[in-house]
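A quick write-up on the structure given underneath.
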Amino acid sequence: MNGPDVMAVWFERQQRIAGHPVPAQDARRVPQMRRLVAARLRLCGLPELVEPMKLLTSELVTNALEHGDGPVSLLLSCSSETVRLTVDDGSRESPRLGAPELDAESGRGLWIVESIASEYGGSWGVSPDCTKTWCSLTVPAAKEPAV
(Lines give C-alpha, C1' and ligand atoms only; values in the text may rest on other atoms or scores of the structure.)
Protein backbone atom coordinates (compact mmCIF):
# COMPACT_ATOMS: atom_id res chain seq x y z
CA MET A 1 0.00 0.00 0.00
CA ASN A 2 1.65 3.25 -1.11
CA GLY A 3 -0.43 5.82 0.75
CA PRO A 4 -3.44 5.64 3.01
CA ASP A 5 -6.62 4.20 1.55
CA VAL A 6 -9.63 6.18 2.76
CA MET A 7 -13.33 5.35 2.77
CA ALA A 8 -15.93 7.89 3.89
CA VAL A 9 -19.63 7.21 4.48
CA TRP A 10 -22.28 9.67 5.63
CA PHE A 11 -25.95 9.15 6.43
CA GLU A 12 -28.90 11.06 7.82
CA ARG A 13 -30.91 9.58 10.62
CA GLN A 14 -34.40 9.95 11.93
CA GLN A 15 -35.13 12.20 14.85
CA ARG A 16 -35.11 10.13 18.02
CA ILE A 17 -37.27 10.79 21.04
CA ALA A 18 -35.29 10.57 24.28
CA GLY A 19 -35.92 7.31 26.09
CA HIS A 20 -37.17 5.55 22.96
CA PRO A 21 -35.20 2.94 21.03
CA VAL A 22 -33.22 3.83 17.92
CA PRO A 23 -35.63 3.70 14.94
CA ALA A 24 -35.39 0.40 13.02
CA GLN A 25 -34.31 2.19 9.83
CA ASP A 26 -31.35 3.69 11.69
CA ALA A 27 -30.53 0.47 13.56
CA ARG A 28 -30.07 -1.23 10.16
CA ARG A 29 -27.16 1.15 9.53
CA VAL A 30 -25.01 -0.74 12.04
CA PRO A 31 -24.74 -4.00 10.04
CA GLN A 32 -24.46 -1.97 6.81
CA MET A 33 -21.45 -0.09 8.17
CA ARG A 34 -19.93 -3.36 9.43
CA ARG A 35 -20.20 -4.87 5.94
CA LEU A 36 -18.68 -1.78 4.29
CA VAL A 37 -15.74 -1.72 6.71
CA ALA A 38 -15.15 -5.46 6.26
CA ALA A 39 -15.22 -5.17 2.46
CA ARG A 40 -12.81 -2.23 2.49
CA LEU A 41 -10.36 -4.01 4.80
CA ARG A 42 -10.38 -7.05 2.51
CA LEU A 43 -9.80 -4.77 -0.47
CA CYS A 44 -6.83 -3.26 1.38
CA GLY A 45 -5.40 -6.74 2.01
CA LEU A 46 -6.09 -6.65 5.76
CA PRO A 47 -8.37 -9.66 6.37
CA GLU A 48 -6.85 -10.24 9.81
CA LEU A 49 -8.40 -6.97 11.03
CA VAL A 50 -11.91 -7.61 9.66
CA GLU A 51 -13.41 -9.15 12.81
CA PRO A 52 -12.02 -6.68 15.37
CA MET A 53 -12.89 -3.71 13.14
CA LYS A 54 -16.43 -5.01 12.59
CA LEU A 55 -16.93 -5.07 16.35
CA LEU A 56 -15.40 -1.61 16.74
CA THR A 57 -17.65 -0.32 13.96
CA SER A 58 -20.70 -1.76 15.74
CA GLU A 59 -19.78 -0.08 19.00
CA LEU A 60 -18.93 3.35 17.59
CA VAL A 61 -21.88 3.55 15.17
CA THR A 62 -24.30 2.31 17.85
CA ASN A 63 -22.97 4.96 20.26
CA ALA A 64 -23.44 7.60 17.55
CA LEU A 65 -27.03 6.52 17.00
CA GLU A 66 -27.77 6.33 20.71
CA HIS A 67 -26.10 9.54 21.85
CA GLY A 68 -25.36 11.74 18.84
CA ASP A 69 -27.11 14.64 17.19
CA GLY A 70 -27.72 14.94 13.45
CA PRO A 71 -26.11 12.95 10.65
CA VAL A 72 -23.49 10.26 11.23
CA SER A 73 -20.26 9.95 9.28
CA LEU A 74 -17.74 7.15 9.27
CA LEU A 75 -14.18 7.49 8.03
CA LEU A 76 -11.91 4.47 7.62
CA SER A 77 -8.25 5.07 6.84
CA CYS A 78 -5.92 2.15 6.10
CA SER A 79 -2.15 2.43 5.80
CA SER A 80 0.62 -0.14 5.90
CA GLU A 81 1.01 0.53 9.63
CA THR A 82 -2.41 1.40 11.06
CA VAL A 83 -6.13 1.27 10.47
CA ARG A 84 -8.13 4.15 11.91
CA LEU A 85 -11.90 4.36 12.26
CA THR A 86 -13.51 7.70 13.08
CA VAL A 87 -17.24 8.16 13.69
CA ASP A 88 -18.71 11.66 13.85
CA ASP A 89 -22.09 11.95 15.53
CA GLY A 90 -22.38 15.71 15.89
CA SER A 91 -22.76 15.51 19.65
CA ARG A 92 -20.82 17.95 21.80
CA GLU A 93 -21.07 15.64 24.82
CA SER A 94 -17.83 13.72 25.30
CA PRO A 95 -18.13 9.93 25.27
CA ARG A 96 -16.69 8.39 28.40
CA LEU A 97 -16.04 5.00 29.89
CA GLY A 98 -19.05 4.09 31.98
CA ALA A 99 -19.34 2.02 35.12
CA PRO A 100 -22.42 -0.09 34.40
CA GLU A 101 -24.06 -2.33 36.98
CA LEU A 102 -23.25 -6.02 36.57
CA ASP A 103 -26.72 -6.78 35.20
CA ALA A 104 -26.95 -3.68 32.96
CA GLU A 105 -27.74 -4.35 29.30
CA SER A 106 -25.64 -1.46 28.01
CA GLY A 107 -22.80 0.85 29.00
CA ARG A 108 -19.83 -1.33 28.07
CA GLY A 109 -19.21 -0.17 24.49
CA LEU A 110 -16.19 2.02 25.12
CA TRP A 111 -14.68 -0.64 27.39
CA ILE A 112 -14.91 -3.02 24.42
CA VAL A 113 -13.34 -0.39 22.15
CA GLU A 114 -10.50 0.20 24.60
CA SER A 115 -9.88 -3.52 25.06
CA ILE A 116 -9.76 -4.34 21.33
CA ALA A 117 -7.63 -1.31 20.50
CA SER A 118 -5.18 -2.25 23.24
CA GLU A 119 -5.06 -5.90 22.12
CA TYR A 120 -4.11 -4.78 18.59
CA GLY A 121 -1.49 -2.23 19.66
CA GLY A 122 -3.77 0.72 19.03
CA SER A 123 -5.68 3.33 20.95
CA TRP A 124 -8.93 5.26 20.98
CA GLY A 125 -10.02 8.77 21.78
CA VAL A 126 -12.35 11.67 21.27
CA SER A 127 -11.77 14.76 19.14
CA PRO A 128 -11.20 18.05 21.01
CA ASP A 129 -14.69 19.26 20.02
CA CYS A 130 -16.20 15.96 21.28
CA THR A 131 -18.05 15.30 17.99
CA LYS A 132 -15.86 12.39 16.85
CA THR A 133 -14.83 9.15 18.48
CA TRP A 134 -11.96 7.26 16.89
CA CYS A 135 -9.93 4.11 17.34
CA SER A 136 -6.85 2.77 15.63
CA LEU A 137 -5.33 -0.68 15.33
CA THR A 138 -1.78 -1.58 14.37
CA VAL A 139 -1.56 -3.67 11.22
CA PRO A 140 -0.16 -7.04 12.41
CA ALA A 141 2.67 -7.10 9.85
CA ALA A 142 3.70 -3.64 11.06
CA LYS A 143 4.14 -4.75 14.68
CA GLU A 144 7.67 -4.93 15.91
CA PRO A 145 8.97 -8.45 16.52
CA ALA A 146 8.83 -9.71 20.11
CA VAL A 147 12.14 -9.57 21.93
Side-chain angles (χ1 to χ4, degrees), residues 1-98 100 104-144:
M1 195 177 307
N2 291 336
D5 180 275
V6 179
M7 176 186 77
V9 180
W10 177 91
F11 61 88
E12 288 282 350
R13 61 191 181 147
Q14 292 183 334
Q15 190 74 314
R16 182 167 167 239
I17 300 168
H20 287 77
V22 171
Q25 154 183 335
D26 292 338
R28 285 191 292 270
R29 296 294 189 168
V30 177
Q32 289 172 348
M33 296 303 107
R34 286 170 53 103
R35 286 190 298 273
L36 286 171
V37 165
R40 193 56 169 226
L41 288 169
R42 287 185 189 101
L43 181 69
C44 291
L46 299 169
E48 64 276 15
L49 294 181
V50 167
E51 291 306 315
M53 287 303 291
K54 282 173 43 179
L55 185 51
L56 292 167
T57 300
S58 289
E59 294 301 332
L60 295 185
V61 172
T62 298
N63 280 353
L65 292 171
E66 289 279 341
H67 306 291
D69 299 320
V72 175
S73 69
L74 178 146
L75 182 69
L76 180 70
S77 176
C78 303
S79 74
S80 59
E81 297 174 355
T82 61
V83 172
R84 183 177 171 116
L85 175 68
T86 304
V87 176
D88 186 337
D89 65 12
S91 174
R92 300 264 182 224
E93 186 176 323
S94 184
R96 61 190 186 292
L97 292 171
E105 293 183 17
S106 63
R108 294 174 183 80
L110 291 178
W111 288 103
I112 292 169
V113 170
E114 182 177 71
S115 176
I116 293 171
S118 176
E119 180 179 342
Y120 283 83
S123 58
W124 77 279
V126 179
S127 65
D129 66 357
C130 300
T131 61
K132 298 171 190 70
T133 305
W134 59 269
C135 60
S136 65
L137 304 183
T138 300
V139 172
K143 288 183 181 176
E144 293 185 28

Evaluate the criterion side chain to side chain contact (heavy atoms under 4.5 Å, CB included) for residue pair L56 and L137; output intermediate values, then yes/no.
-> CA-CA 10 Å; L56 292 167; L137 304 183; 3.9 Å; yes

Residue pair A64 / R13: nearest heavy atoms and the distance that separates them = O-NH1, 2.9 Å

Please name the pair of heavy atoms, one in I112 and one in E59, separated by the smallest distance, quoted to 0.1 Å.
-> CD1-OE2, 3.6 Å

Nearest heavy-atom approach of L76 to V83 is CD1-CG1, 3.6 Å

Are the side chain of S58 and the backbone of K54 linked by a donor-acceptor contact shorter than 3.5 Å?
-> yes

Looking at CZ of R28 and CZ of F11, how far apart are the two atoms once the value is rounded to the nearest 0.5 Å?
-> 12.0 Å

The side-chain contact (heavy atoms from CB on, under 4.5 Å) partner of V6 among S79, C78, S77 is S77

Report yes if some heavy atom in the side chain of V139 is under 4.5 Å from a heavy atom in the side chain of E81; otherwise report no.
-> no

Option among L49, V37, V50 that satisfies the side-chain contact (heavy atoms from CB on, under 4.5 Å) test with R42 = V50

Rounded distance (nearest 0.5 Å) linking atom CZ of R29 with atom OG1 of T62 = 13.5 Å

Kindly indicate whether the side chain of L36, heavy atoms from C-beta on, has any atom under 4.5 Å from the side chain of V9.
-> yes

Taking every heavy atom of Q14 against every heavy atom of Q25, the minimum-distance pair comes out as NE2-OE1, 3.1 Å

Measure across G45 and E48 and return the closest heavy-atom pair with its distance rounded to 0.1 Å.
-> O-OE1, 4.2 Å

Apply side chain to side chain contact (heavy atoms under 4.5 Å, CB included) to W134 and S123, showing your working.
-> CA-CA 8 Å; W134 59 269; S123 58; 3.4 Å; yes

Rounded to the nearest 0.5 Å, how far apart are CZ of R40 and CG of L74?
-> 11.5 Å

Step by step, would you call T138 with Y120 a side chain to side chain contact (heavy atoms under 4.5 Å, CB included)?
-> CA-CA 6 Å; T138 300; Y120 283 83; 5.8 Å; no

Distance col, row L55:CG vs C135:SG, nearest 0.5 angstrom, shows 10.0 Å

Quick one: pull up CG in L85 and OG1 in T57 and give me the separation to the nearest 0.5 Å.
-> 4.5 Å

Could you state the interatomic distance from CE (M53) to CE (M33), rounded to the nearest 0.5 Å?
-> 13.5 Å

Search all heavy atoms of L110 against all heavy atoms of L60 and return the closest pair with its distance.
-> CD2-CD2, 4.4 Å

